[in-house]
Amino acid sequence: MAVAAEAGLNYSDLDFCDFLWLNAKLKARRAEQIFMWNVARFISFFAVKPHDIKNKIKNFNDLIEFEWERRPVVSKRFTEEEIKAFHASSVALFDKLKSEQNAGGINP
């Protein structure tokens with residue numbers, strides 16, 4: 001129901017829609033929200049810019065960075081030694097838990 005509310009639908013509309021249509025409706029709604037936030041930021045840029053004495057605000061992106069504009073975090077590449085060490089510690093932990101379970105320490 002929360003998904004339908006975000007898409008601008010009410011409960012009776014859910015009977016007649018399929019998931020592809022609902023997904024398209026959600027994407028369109030999200031695009032509309034992004035557009036409106038960008039319009040608000042653009043208008044606020046022209047409201048704030050005359051009062052920017054130190055000239056810190058060059059364009060409207062300098063006011064605020066939205067979550068959809070952030071670049072994804074690059075994941076760390078593990079070396080072969082780190083992968084082997086992680087695997088060995090995982091196997092040791094698995095063997096310890098399995099031996100405890102067989103000894104009756106943990107209920108299956």
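For this chain, numbers begin at 1 and follow the sequence in order. As a basis for the values below, the full set of heavy atoms in this structure was taken, side chains included, without hydrogen atoms, waters or symmetry mates.
Under a 3.5 Å cut-off, the side chain of Arg41 and the backbone N or O of Ile64 do form a donor-acceptor pair.
Taking CD1 from Ile53 and CG from Asn55, the interatomic distance works out to 11.0 Å, rounded to the nearest 0.5 Å. Rounding to the nearest 0.5 angstrom, the gap separating the CZ atom in Phe66 from the CG atom in Asn38 is 6.0 Å.
With sequence neighbours excluded, no residue forms a salt bridge (charged side-chain N to carboxylate O under 4.0 Å, His left out) with Glu81. Under the side-chain hydrogen bond (donor to acceptor under 3.5 Å, both in side chains) criterion, Asp62 pairs with no residue, sequence neighbours left out. For Asp52, the salt bridge (charged side-chain N to carboxylate O under 4.0 Å, His left out) criterion is met by Lys49, not counting sequence neighbours. Among residues two or more places apart in sequence or in another chain, the side-chain hydrogen bond (donor to acceptor under 3.5 Å, both in side chains) test is passed with Asn23 by none. Remark: Arg70 pairs with Glu65, Glu67 by the side chain to side chain contact (heavy atoms under 4.5 Å, CB included) rule, at least two apart or across chains. Under the side chain to side chain contact (heavy atoms under 4.5 Å, CB included) criterion, Lys54 pairs with Lys56, not counting sequence neighbours.
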Original post:
Going through the checks in order, is the side-chain contact (heavy atoms from CB on, under 4.5 Å) test met by Arg29 and Glu32?
Top reply: CA-CA 5 Å; Arg29 176 82 170 145; Glu32 179 185 1; 3.9 Å; yes
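Under the 30°/60° scheme for interplanar angles, the aromatic rings of Phe46 and Phe42 are found to stand perpendicular.
Counting side-chain heavy-atom gaps under 4.5 Å among Ile, Leu, Val, Met, Phe, Trp and Tyr, the cluster of Met36 also holds Phe35, Val39, Ile43.
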Quiz: residues 83-98 side-chain donor-acceptor pairs under 3.5 angstrom, not counting sequence neighbours:
residue: Ser89; atom: OG; partner: Ala85; partner atom: O; Å: 3.3
residue: Ser89; atom: OG; partner: Phe86; partner atom: O; Å: 2.9
residue: Ser90; atom: OG; partner: Phe86; partner atom: O; Å: 2.8

